[in-house]
Peer 1: 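Provided herewith is a single structure, encoded as structure tokens, for subsequent inquiry.
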Amino acid sequence: MKKIVLAFTSITLATGSFSQAVFTYGKNAVTKDEFVRAFNKNPTANADRKKSLKEYLDLYINFKLKVQAAFDAGLDKDATQQFELQNFKKQMADNVINDEANVKALVKEAFDRSQKEIHLQQVFIEVPQNTDTTEAYKKIQSAYKQLKEGKEFAEVAQEFANDEATKQSKGDIGFITVFTLPYDIENKVYNLKSNSFSAPVKTKAGYHIFKNAGERKSLGSRRVAQILITVPPNASVEDNNLASRKADSLYNLLKKGTDFGALAATVSNDLSSSNNRGELPEFTTGTYNANFEDVAFSLKTNGDISKPFQTEYGYHILKLLEAKPALSNLNDPVTFASLQEKVTKDNRLELSKKELIQKKLALINYKPSVFKTDDLYIFTDSALQNINPVAVKGINGSTPIFSFARQNIKASDWVKFVKGSRATSYLTNKDRYRELYKEFITAAADEYYRNNMDLYNADYSRQVKEFKEANLLFGIMEKNVWGKANTDTSNLLQYYNQHKSKYIWPASADVVIVTCNSEKQAHEIQQKLKDNVNNWRQITGNNGTDVAADSGRYELGQLPVVDRTNFTPGLITAPVKNLNDGTYTFNCIVKMYNEPGQRSYDDARGMVISDYQQVLEEKWIAELKKKYPVKVNQGIFQSIK
């Protein structure tokens, strides 16, 4: 028993000491966990961890002092600082919500579904917008009853369909795969076992019953080019035959070697692809007409050309450009990134986020106010029609309709949301308000959670703080050190004169440095410069942006060369390839300085600025330490492993 008590006591002490201050500066403190986290984010090459910790402690103390100076100077209220911070917070909030919405699981689900294709059929009863749904509801229930009694699906689909397309196809949609359908419908379809059908489903378009009529392994995706000879919907037999003969003639030309792309650009009636040599965007099953896809996926070898075939649009001839197999390895970074991009753009991520926000309502302390929703809807009608709406049974623009932990949402906020929404215009007014009100709660909760995420996510809060402090550091360094050193000309010159002995030229040379886009071009320029280096500006300038050149005095060790070189006046060095951009650089040596020499102020100015910045920084740090005395808790610091 004593051992357990002692163990518990040691854990408590360790946890308590970890939250104690490693150092204080004025009234501010830095805890052990903050310091260790910062140290671990900045790995050092020094193998001696104890020494590295001591060095980093000094750096971190100076960092916190500078950030405090930025707050003292009011930089946190600077418009640019606030704009950049808000952008970062938005990006971070998006990342956190995507993670919480489990985007990785959605990618995995999409990958799994991409491995098969489902032959989909539907009973569909179309419901026009803003019409009563009662009769359609009765019909879909009747259709569902007949299916459960064993009637053939195709017969039921044709019998109850009130649109011509479903009647003609007998409800046969063809094969579909992941991303073919809206996510909520895709979920219902992929949860059906083969040869089973769903209960009635309501969508914006009407009522559906879906059937999984069979499954097959994924056929992957295709890139094809097409030539389309259109046939009007009500074309005569003669016009149809004329289009058929034209398609046959084009096919014969293609068999004799006529360029497909050139022919498509000339004769194809598909304006969306003819300007691109007939090429269509890459597609998977379920994108186009079933007959069209049957032909496209039957082509096996790149370059294969189909015989003319007919769809409701006319006569097509297809050429296979590329056949891609189904995705096979989710661990492949390219595959994962491709699917993640589709998931992010698809409505499945948005639906997952909405579900997430519903789960967050208790966390953010959502509380509805007490009022009659019908009264709110009447007030809403009034507000939409009048600039100065009349209150309805105590409800006006300032009336709280619900609240979160730190915010009241008013009726005026709701009216503004309704004005900006078009999503549920297919519903009657009362139904529309009910749907919109659910969306409004979700949207308001999402906005509140994002704006107050620091209260609910410690990692988000830390990263925002780190970004803010890093930005403030940059701003205060520019103000107190970098900018001041650059513009303080008199003190820079004085510093140079006091420290001239630091600014000595080692072995150096006057050099023309030339960079060319290619090695061949570099050799051509070298030949032109060989006997005419004084005319280097004109020679290099004749090549536009393909050639860049500059001259100046450089230390020999700074010159880009292949290996050790015996530099002499007139030497043109071999071109060196720049690994970053593939360009080639060489040097033309004009004059040598083999002995050390004094750098002029102009030559040394860059080094003088750097040294003077360090002087200003050290003086500034000393002033900050007087203003904010620093005390290191050695016991806590030494406890860091």
Side-chain angles (χ1 to χ4, degrees), residues 28-31 33-42 60 63-107 337 340-341 343-345 347-366 402-410 413 416-417 420 439-479:
N28 306 298
V30 172
T31 61
D33 60 338
E34 178 187 344
F35 176 75
V36 171
R37 193 181 303 109
F39 174 78
N40 289 335
K41 282 188 174 182
N42 295 274
Y60 203 66
F63 164 70
K64 298 300 284 188
L65 289 170
K66 292 171 188 174
V67 170
Q68 186 58 48
F71 279 112
D72 293 346
L75 285 188
D76 57 313
K77 297 177 177 64
D78 175 77
T80 302
Q81 289 272 344
Q82 290 186 340
F83 176 76
E84 291 177 354
L85 180 63
Q86 289 306 313
N87 274 350
F88 179 77
K89 289 173 77 171
K90 182 182 182 303
Q91 292 171 14
M92 274 297 301
D94 286 342
N95 292 339
V96 169
I97 288 173
N98 281 352
D99 286 344
E100 290 180 342
N102 211 348
V103 68
K104 290 182 180 178
L106 291 173
V107 172
Q340 185 169 9
E341 182 181 7
V343 163
T344 303
K345 291 180 178 179
N347 70 335
R348 66 195 63 215
L349 183 58
E350 289 307 312
L351 289 172
S352 182
K353 287 178 182 178
K354 286 180 180 179
E355 290 176 5
L356 171 70
I357 289 300
Q358 291 301 312
K359 296 174 183 176
K360 299 281 185 186
L361 290 178
L363 176 69
I364 61 179
N365 200 24
Y366 162 74
F402 57 85
S403 64
F404 304 118
R406 296 185 174 186
Q407 183 181 2
N408 286 327
I409 305 299
K410 297 175 292 184
D413 300 319
K416 184 178 179 181
F417 180 81
E439 291 182 20
F440 178 57
I441 293 172
T442 301
D446 177 61
E447 183 179 7
Y448 179 83
Y449 181 60
R450 287 171 179 273
N451 292 340
N452 296 275
M453 193 172 283
D454 55 321
L455 301 175
Y456 307 108
N457 189 301
D459 188 55
Y460 167 88
S461 182
R462 281 194 294 267
Q463 291 196 52
V464 168
K465 180 185 177 186
E466 288 170 6
F467 177 86
K468 181 177 182 178
E469 290 186 342
N471 244 19
L472 288 173
L473 174 68
F474 185 90
I476 200 66
M477 286 292 289
E478 177 62 31
K479 180 179 180 180

Peer 1: Is a side-chain donor or acceptor of Asn40 paired with a backbone partner of Val36 at a separation under 3.5 angstrom?
Peer 2: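 Yes, the answer is positive, given that a donor and an acceptor are paired below the 3.5 Å cut-off.
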Peer 1: How far apart are the C-alpha atoms of Val464 and Leu85, what are their side-chain angles, what is the distance that settles it, and do they pass the side chain to side chain contact (heavy atoms under 4.5 Å, CB included) test?
Peer 2: CA-CA 8 Å; Val464 168; Leu85 180 63; 4.0 Å; yes
Peer 1: For the pair Thr344 (side chain) and Gln340 (backbone), establish whether a donor and an acceptor sit closer than 3.5 Å, ignoring hydrogens and angles.
Peer 2: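 Checked: pair present.
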Peer 1: Taking the side chain as everything from C-beta on, heavy atoms only, tell me whether Ile476 gets closer than 4.5 Å to Val67.
Peer 2: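 Not in contact.
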Peer 1: Between Asp72 and Gln68, does the side chain to side chain donor-acceptor pair (under 3.5 Å) criterion hold? Intermediate values first, please.
Peer 2: CA-CA 6 Å; Asp72 293 346; Gln68 186 58 48; 3.2 Å; yes
Peer 1: May I ask you to decide whether Lys359 forms a salt bridge with Glu355, counting only side-chain N to carboxylate O separations under 4.0 Å?
Peer 2: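 No, no charged N to carboxylate O under 4.0 Å.
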Peer 1: Would you say that more than 12 heavy atoms from the other residues, nucleotides or ligands in this model lie under 6.0 Å from the CD of Gln358, or not?
Peer 2: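 Yes, the 6.0 Å shell around CD holds more than 12 heavy atoms from other groups.
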Peer 1: Using side-chain heavy atoms (C-beta onward) and a distance below 4.5 Å, is Phe88 in contact with Lys468?
Peer 2: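 Phe88 vs Lys468: side chains apart.
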Peer 1: Any salt bridge between Glu34 and Lys64, counting N to O under 4.0 Å?
Peer 2: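 Lys64 and Glu34: salt-bridged.
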Peer 1: Can you list the residues that meet the side chain to side chain donor-acceptor pair (under 3.5 Å) rule with Asn98, with sequence neighbours excluded?
Peer 2: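 Counting only residues at least two positions away or on another chain, Asn98 forms a side chain to side chain donor-acceptor pair (under 3.5 Å) with Lys353.
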Peer 1: Between Ile441 and Ile357, is any pair of side-chain heavy atoms under 4.5 Å apart?
Peer 2: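 Not touching, per the 4.5 Å side-chain cut-off.
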Peer 1: Quick one, Met453 and Ile97 - any side-chain contact, counting heavy atoms below 4.5 Å?
Peer 2: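 Yes, at least one pair of side-chain atoms sits under 4.5 Å.
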Peer 1: Evaluate the side-chain proximity of Glu439 to Phe417: yes if any heavy-atom separation is below 4.5 Å, no if none is.
Peer 2: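 A side-chain contact exists here, since the closest heavy-atom pair is under 4.5 Å.
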Peer 1: Sub-3.5 Å donor-acceptor pair from the side chain of Gln81 to the main-chain atoms of Asn471, do we have one?
Peer 2: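 Yes; judged by distance alone, with no hydrogens or angles, the pair exists.
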Peer 1: Does some side-chain heavy atom of Val103 sit less than 4.5 Å from a side-chain heavy atom of Val343?
Peer 2: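 SC-SC contact between Val343 and Val103 confirmed.
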Peer 1: Sequence neighbours excluded, which residues qualify as ring pair (Phe, Tyr, Trp, His ring centres under 6.0 Å) partners of Phe404?
Peer 2: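 Testing Phe404 for ring pair (Phe, Tyr, Trp, His ring centres under 6.0 Å), a comparison that skips the adjacent residues, returns Phe402, Tyr448.
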Peer 1: How about Phe474: does its CZ atom have over 12 heavy atoms from other parts shown lying under 6.0 Å from it?
Peer 2: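 No, the 6.0 Å shell around CZ holds no more than 12 heavy atoms from other groups.
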Peer 1: I need the full list of salt bridge (charged side-chain N to carboxylate O under 4.0 Å, His left out) pairs touching residues 93-102, with sequence neighbours left out, sorted by first then second residue.
Peer 2: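 The answer is Lys90-Asp94, Asp94-Arg450, Glu100-Lys360.
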Peer 1: Mark yes when over 12 heavy atoms from residues, nucleotides or ligands other than Arg406 sit less than 6.0 Å from its CZ; otherwise mark no.
Peer 2: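 At most 12 heavy atoms, drawn from other residues, nucleotides or ligands, come within 6.0 Å of this atom.
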